[in-house]
Structures are given as C-alpha cells and as structure tokens.
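Here you go, one structure.
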Amino acid sequence: MNLTIEIDREHYSFVKELLERLEGVRIIKSDYEITEGLPTHVFEKIEEYGKSLKDEDLISKKDFFKFIDEEICRLNSQK
C-alpha cells in the first residue's frame, strides 16, 4: 500500500524519524512540487502541448460527442 503525505520542511525531519521507526515503512522523498495530485511539470507539459495545437488538430464539441456515442454503440454491440 502506498501513502502520500505532504509535510512542510519544518516538520519533515521529525515526521521522517517517527515513520522510519515503524517496521515495513520506506520513505521516498520527492523533490518536485505537486499540483492536484500530479507533479507540476506534468501540468506545464500539458500547457505546452495545448499551445502547440492548431485549429486543424481540434474537433468540435458536437463531433466529439458524436464520436463518443458511436464508440458506446460499437462497444455495446460487442456484448
């Protein structure tokens, strides 16, 4: 089982020491900032990708939902 805990620098040493005393606990330090449960660099890459898109790369909301409906029908027909 994995558990992620965000700890400020002030309390990190104390909490780390407590957790290391527990049998079976392994501490993995991440040096990257987290945004909404994901590393911030992931959001930065998504933003870069979004800026690189051109109009011809996009589809309309109507076409998107039409595609989704067709896929749902296709998957339901395989049952």
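As the structure is a prediction and not an experimental result, all values here were calculated from the model. Reckoned from all heavy atoms, side chains included, excluding hydrogens, waters and symmetry mates. Starting from 1, each residue takes its place in the sequence as its number.
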**Asked** Looking only at atom types and distance, does a side-chain atom of Asp63 sit under 3.5 Å from a main-chain N or O of Lys66, one as donor and one as acceptor?
**Response** no
**Prompt:** Say you draw a straight line from CD of Glu47 to CD of Glu44; how long is it, rounded to the nearest 0.5 Å?
**Reply:** 8.0 Å
**Request:** Spell out, yes or no, whether Ile68 and Leu75 are grouped together once hydrophobic residues are joined by side-chain heavy atoms under 4.5 Å, including indirect joins.
**Result:**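 Looking at the clustering, Leu75 is in a separate group from Ile68.
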**Prompt:** Is it true that Tyr49 and Val42 fall in one hydrophobic cluster, defined by side-chain heavy atoms closer than 4.5 Å?
**Reply:** no
**Prompt:** Do Ile46 and Leu58 share a hydrophobic cluster, counting only Ile, Leu, Val, Met, Phe, Trp and Tyr and linking them when any side-chain heavy atoms are less than 4.5 Å apart?
**Reply:**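 No, Ile46 does not connect to Leu58 through the hydrophobic network.
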**Single-linkage hydrophobic cluster Val25~Leu18, side-chain heavy atoms < 4.5 angstrom** = yes
**Asked** Do Leu22 and Phe14 belong together in a cluster built from hydrophobic side chains that touch within less than 4.5 Å?
**Response** yes
**Prompt:** Within a reach of under 6.0 Å around CD of Glu23, are more than 12 heavy atoms found that belong to other residues, nucleotides or ligands?
**Reply:** no
**Message:** For Phe67, I'd like to know if atom CZ has over 12 heavy atoms of other residues, nucleotides or ligands within 6.0 Å.
**Reply:**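 Result for CZ/Phe67: open.
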**Item:** Glu48/Lys51 salt bridge by N-O under 4.0 Å criterion
**Value:** no
